[in-house]
2 protein chains.
Amino acid sequence: MVVRLDITDEELDKLFRALADTTRRDILRRTLVGEASVSALAGAYDMSFAAVQKHVAVLEAAGLVHKTTSGRERLVRADPEQIARARSLLVELESLWRHRLDRLDAILSEDLE
Amino acid sequence: MVVRLDITDEELDKLFRALADTTRRDILRRTLVGEASVSALAGAYDMSFAAVQKHVAVLEAAGLVHKTTSGRERLVRADPEQIARARSLLVELESLWRHRLDRLDAILSEDLE
DNA sequence: GAGACGTACAACCATTTGGTTGTAGGTTAG
DNA sequence: CTAACCTACAACCAAATGGTTGTACGTCTC
């Protein structure tokens, strides 16, 4: 079964925007390997708790992570589906480029006729 | 030959940032299929010439497109290498997630011992 | 040479972003 | 119960973003 790539431009904007920050990419790495609480994440960076909280919120709005409640903690866990969607778009773009090369080949072949 | 993924965090920030805009992704599609002048691109969008010029500049700073001079025109052409780099990072992230699943499998196996 | 075309770039503006501090509320430990 | 911990959220601020208009300069056409 092939995953449908029905994703709006707005969602893609949020997705790539969320990936366009070093701290957020690092949070993604950590929560892909294993879930972590917001304060555990905050302890890893040289910025305030609230700043890290905002980064997590950006990732969450992009669908890259989800939060689950566990007592007084909120555990953050990455969701690889949105990463796959972003990758799919890049693959689509690369295929456009290959298509250009194919057309170039076709034109060169025509010249030989 | 494998492409080395030596790219700084700052470059990745610019790369994903450049991809996080619908107009810029569209410019990328057009210039992947075939090169286009800045004014030709500007004619395709409902915004000023200068605005499109800025979008092209963002793509250029991220290394996603290059400009060549042809008379009074500047032809914009996409470079798929940076797209491949962004894709590589996403693949790396996805592999981290698979690693988590592997660890989970290992833990479950240990319980059976 | 004159005018039209294509581009670059500066100046300006509203909004968003990424950070801060402070306040408040739910949860756990002693 | 009280104190410490974890989180949420508002208010604020500087800088970046995405748009605009205006000006200037090289290039093509007639």
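Everything numeric in this text was worked out from a predicted model, so none of it was measured. Side chains included, hydrogens not; waters and symmetry mates left out as well; all remaining heavy atoms used. Here is how names work: the chains are called A, B, and so on, in the same order as the sequence lines, proteins then strands, and each is numbered from 1.
Atom CG of A:Leu75 and atom P of C:dT27 are 14 Å apart (whole Å). Between B:Asp21 atom CG and C:dT16 atom P the separation is 14 Å, expressed in whole Å. Between the CZ atom of A:Arg74 and the P atom of C:dT28 there is a distance of 11 Å, rounded to whole Å. Put simply, CE on A:Met47 is 13 Å from P on C:dT21, counting in whole angstrom units. Atom CZ of A:Arg25 is separated from atom P of C:dG18 by 12 Å (rounded to the nearest Å). The distance between atom OH of B:Tyr45 and atom P of D:dG18, rounded to the nearest whole Å, is 15 Å. For the pair A:Phe49 CZ and D:dT7 P, the interatomic distance rounds to 5 Å; values are reported in whole Å. Summarising the geometry, the separation between NZ on B:Lys14 and P on D:dA16 is reported as 13 Å, rounded to the nearest angstrom.
You'll find that the side chain of A:Ser37 is closest to D:dT7, out of C:dA8, D:dT7, C:dG18. The side chain of A:Lys67 approaches D:dA8 more closely than any other nucleotide in the set D:dA8, D:dT7, C:dG19. When distances run from any side-chain atom of B:Ser48 to the nucleotides D:dC5, D:dT21, C:dT17, the shortest one goes to D:dT21. Of the candidates D:dT7, C:dC5, C:dT7, C:dC5 carries the atom nearest the B:Arg72 side chain, counting heavy atoms from C-beta on.
Within residues 50-62 of chain B, the residues having any heavy atom closer than 4.0 Å to DNA chain D are, in order of number, B:Ala50, B:Ala51, B:Lys54, B:His55.
B:Arg87 contributes no side-chain N or O that, together with a main-chain N or O of A:Leu90, makes up a donor-acceptor pair within less than 3.5 Å. At distances below 3.5 Å, not a single donor-acceptor pair connects side-chain atoms of B:Arg74 with backbone N or O atoms of B:Thr68. Judged by distance alone, with hydrogens and angles left aside, the side-chain atoms of A:Ser37 form a donor-acceptor pair with the main-chain N or O of A:Ala40 at under 3.5 Å.
Where A:Glu73 and A:Asp46 each meet DNA chain C at their nearest nucleotide, the meeting point lying more 5' is that of A:Asp46. Residue-to-nucleotide proximity on DNA chain D shows that, of A:Ser39 and A:Arg17, the 5′-proximal contact is made by A:Ser39.
For residues 37-63 of chain A, the salt bridge (Lys or Arg N to Asp or Glu O under 4.0 Å) pairs, not counting sequence neighbours, are A:Glu60-A:Lys67.
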Passes side chain to side chain donor-acceptor pair (under 3.5 Å), B:Arg77 versus B:His66? Steps please. CA-CA 5 Å; B:Arg77 183 187 341 202; B:His66 296 103; over 6 Å; no
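Under the 4.0 Å criterion applied to side-chain N and carboxylate O atoms, A:Asp6 and A:Arg85 are assigned as salt-bridge partners. Between A:Asp21 and B:Arg17, none of the side-chain N atoms (NZ, or NE/NH1/NH2) sits under 4.0 Å from a carboxylate O, so this pair counts as no salt bridge.
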